[in-house]
Amino acid sequence: MASIHVSFTCSSPAAVPSASFSSHQDRHHHTFLFTSFPSSQILYIPFSLSPWRKKSKTALIHDGRPAHVPFPPLRGPHPAGVSLQDAVAQASADSPAEPQAPQEQRPGATVPKNSIWVNPNSPRASRLQQQSSESRYARLGQLSGSLDACGPSEADVTEALAAVLRDKPSEQDAVVVLNNMENPETALLALRWFQEKIRIKKDVILYNVTLKVMRKSRNWDGAEFLLKEMLERGVGPDNVTFSTVISCARVCNLPEKAVQWFERMQEFGCKPDDVTYSAMIDAYGRSGNVDMAMKLYDQARAEKRNLDPVTFSTVIKVYSSSNNFDGALNVYEEMKALGVKPNLITYNTLLDAMGRASRPWQVKTIYREMETNGVLPNRATYAALLRAYGKARYPEDALRIYREMKEKVMELTVVLYNTLLAMCADLGLADEAVEIFEEMKKSPEGCKPDSWTFSSLITIYSCSGQVSEAEGILDEMLAAGFEPNIFVLTSLIQCYGKAKQVDNVERTFDRMLELGITPDDRFCGCLLNVLSQTPKEEVEKVIGCISRANETLGSLAKQLIDEKVADEIFKVKAEELFKNISKEVKKAYCNCLIDLCVNLNMMERACVLLDMALKLEIYSALQSKSSSQWSLHVRSLSLGAALTALHVWMKDLSRALENGEDLPPLLGINTGHGKHRYSEKGLATVFESHLRELNAPFHEAPDKVGWFLTTKVAAKPWLESRSSPNMAAA
DNA sequence: ATAGGGTTAG
């Protein structure tokens, strides 16, 4: 039987594949004795537990290289050209081979001073293994697992604990067992048992580690119960207690509880430190109290605390989630200026922030910087990059990232597959999506498509109105056992709307109500979008759906199409509605409603809505003026809204001329690249054809993408000709 | 692994 020992030293814990091994530290070096069993299971015995003794019947020293090559030096930073991973892989690859006959230690071979060679099948080996902290830890870990699984009765818990620990657990045993637990009920019973057996009655550490279990299981009541018990029993809570409780409140979505206990810390003689500040900054951030979060950050800096990347990452996240992206960047710069090195999580948070901000160029810069600093990307990094490039419509970059992931043979998770598919949906990459979907289903990791997966695929087909393809995915989803959710139904309705199958829109809407799904603002936005594409004869049907989903919105839509309703009345109703809907959908609603007006040739009403949107700051700064150029900015506007804005701008320019004002040398319109998910042609293309219909002298700028320009000389006669009464046309 | 804070999706 082949038994191979590999003994080795490496200088850095980072070289140890943490998933497979634990390290035993000897001041500056880590020494392991690996035992490769034929089963390829690798164990090691920390050398400090093994007094050096040479036995005649030991297993063979083998480093995976020819026998005459000396054993790698043990104290060097790089063991003679063999990495730890290589050596381990080599050892297991070689294990079936018959080893050379047992031999005396070769002269010149470097042998670990404190290692012992043992036959792995001997009782001595198993005794050593049992004594090693590794296996003790494993046993305690198993105990945690069985405690999680056992019934929540004192008898069951006591039995499980006593079977492993007898009557003499150490405090360390208790800490390890509780720390690995997840079940709040049995953890509490286990805590009682440890409190009984370990005679330190007021042990704050045991409470703290049990609080962690409450956090893990998101059990706020359990956490607060334990904290109150501590206070009643006179067990002094410390900073660890409070930061655990605060972060527990945070994960339980109870920021006010975090604040409450944070403010009471002082009562118990605790002064916030770096970790409490960081936890609390996060709690304030998540409760939307950005000001308080920043106040704490400033306080922490004023106290000249050594803030670390965790705190900075938290602050960046707080800024990012309140859409203050410059704030996020500033903190990053501040961090670097203070000499704190960004780590993987800092980069991930920052990449995510710049993605949300739709600043793909900054995403690129930061990713390059990350590479330069030798920080390796993980799945979260790739997910952030894919989202950023998808959102910004950067297909080349998004696909490059996909290739990079594949080259690294990175094991993809469901989340990462779904992120890829969502990116494809953003960019309209149907073929790539199908390829990724097939790969996902074949993946050896067994990534089962979930409702996210199907939803993204349906979205891809919905964008182009490919009804039969979308329905095919829907069938596959139902066959896989998933009920349609609001996202799937939103996409489907979008698809039917695009294909002008209004009856199917109604049918899907009915089905949604039957499933007990309540339409949200986003869904209503989708119905409005469908309405703006619906032929006049069928408009009533769609408005019927909207009314059932949201009565106020439905009645506004009814008033909009009714020419008998005065603009003034309509305006009041519209303002009322827009003050009561969520911020994220305001622009989308406005775009749809203005499109509807334009389609129905109700330009006055479109102008009323545009005016309202500017007043409510739904659209910002559509017009700008400098001495050399006046501009119209219609990026992020729908076609109808953009045309309305153009209509208003032209009137304003004509009025300026009438008032004797002079035009600047250049006039420009910025449409942006305008690649919206649901429009196959960009805004620029469609807008340009409308400019031509209007005989407008604007031409695409050769050097500025998304800009149409004209000169004062060309614009003046055109505006004057349009102002003349016999040429009135919108 | 051996008491506390941070990152992946409409």
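Heavy atoms only: backbone and side chains are in, while hydrogens, waters and symmetry mates are out. In what follows, chains are A, B, ... by sequence order, proteins preceding strands, each numbered from 1.
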Atom pairs and distances, donor-acceptor, side-chain atoms in residues 222-231 of chain A, under 3.5 Å, two or more places apart:
from: E224(A); atom 1: OE1; to: W220(A); atom 2: NE1; distance (Å): 3.3
from: E224(A); atom 1: OE2; to: K257(A); atom 2: NZ; distance (Å): 3.1
from: E224(A); atom 1: OE2; to: W261(A); atom 2: NE1; distance (Å): 3.1
from: E229(A); atom 1: OE1; to: R192(A); atom 2: NH2; distance (Å): 2.6
from: E229(A); atom 1: OE2; to: R192(A); atom 2: NH1; distance (Å): 2.9
from: E229(A); atom 1: OE2; to: R192(A); atom 2: NH2; distance (Å): 3.3
from: E229(A); atom 1: OE2; to: Y207(A); atom 2: OH; distance (Å): 2.5
from: E229(A); atom 1: OE2; to: R233(A); atom 2: NH1; distance (Å): 3.4

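- In terms of modelled atom types and a separation under 3.5 Å, the side chain of K216(A) and the main chain of M181(A) share a donor-acceptor contact.
- Across all strands shown, D173(A) has no heavy atoms under 4.0 Å from either base or sugar-phosphate atoms.
- When the side-chain nitrogen and oxygen atoms of R215(A) are compared with OP1 and OP2 of dG5(B), one or more of them lie within a distance under 4.0 Å.
- When the P atom is compared between dG5(B) and dA1(B), the two are found 15 Å apart, to the nearest whole Å.
- In this model, a side-chain donor or acceptor of S243(A) finds a partner on the base of dG4(B) within 3.5 Å.
- Candidate nucleotides dG4(B), dT7(B), dA3(B) were compared by shortest atom distance to the side chain of V209(A), and dA3(B) ranks first.
- Nearest to the side-chain atoms of I345(A) among the listed nucleotides dT7(B), dG5(B), dA3(B) stands dT7(B).
- In the set dA3(B), dG5(B), dT7(B), dG5(B) carries the atom at the smallest distance from any side-chain atom of S247(A).
- Side-chain N/O atoms of D274(A) and base N/O atoms of dG5(B) include no donor-acceptor pair closer than 3.5 Å.
- For S278(A), taking side-chain heavy atoms from C-beta onward, the closest of the listed nucleotides dA9(B), dG4(B), dG5(B) is dG5(B).
- In this structure, N418(A) reaches the bases: a heavy-atom distance under 4.0 Å links it to at least one base atom across the strands shown.
- The base of dG5(B) sits within donor-acceptor range of the side chain of T311(A), with an N or O pair under 3.5 Å.
- At a threshold of 4.0 angstrom between heavy atoms, the contacts of N343(A) include nucleobase atoms, whether or not backbone atoms are also involved.
- Side chain to side chain, D273(A) and T276(A) meet the donor-acceptor criterion of an N or O pair below 3.5 Å.
- Atom P of nucleotide dG4(B) and atom CG of L178(A) are separated by 12 Å, given to the nearest angstrom.
- Note on ring orientation: taking the six-membered ring where Trp is involved, the planes of W452(A) and F487(A) are parallel (angle under 30°, cut-offs 30° and 60°).
- Of the possible polar contacts, one joining the K391(A) side chain to the R356(A) backbone as a donor-acceptor pair under 3.5 Å is found.
- Looking at the side chain of V176(A), the nearest of the listed nucleotides dT7(B), dG5(B), dT2(B) is dT2(B).
- Look at CE on M181(A): it is 16 Å from C1' on dA1(B), rounded to the nearest Å.
- With dT7(B), dA3(B), dG5(B) as the choices, the nucleotide that has an atom nearest any side-chain atom of N378(A) turns out to be dT7(B).
- Among the heavy atoms of the strands, none lies under 4.0 Å from R305(A).
- With hydrogens and angles ignored, no donor-acceptor pair under 3.5 angstrom links the side chain of D238(A) to the base of dG4(B).
- With distances taken from any side-chain atom of R356(A) to the nucleotides dG5(B), dA3(B), dA9(B), the minimum falls on dA9(B).
- As judged by a 4.0 angstrom heavy-atom cut-off over every strand, T210(A) is placed among residues making no nucleic acid contact.
- Closest to the side chain of N239(A), from the set dG4(B), dA3(B), dT7(B), is dG4(B).
- With sequence neighbours left out, the salt bridge (Lys or Arg N to Asp or Glu O under 4.0 Å) criterion links E263(A) to no other residue.
- With dT7(B), dA9(B), dG4(B) as the candidates, the nucleotide lying closest to the side chain of D273(A) is dG4(B).
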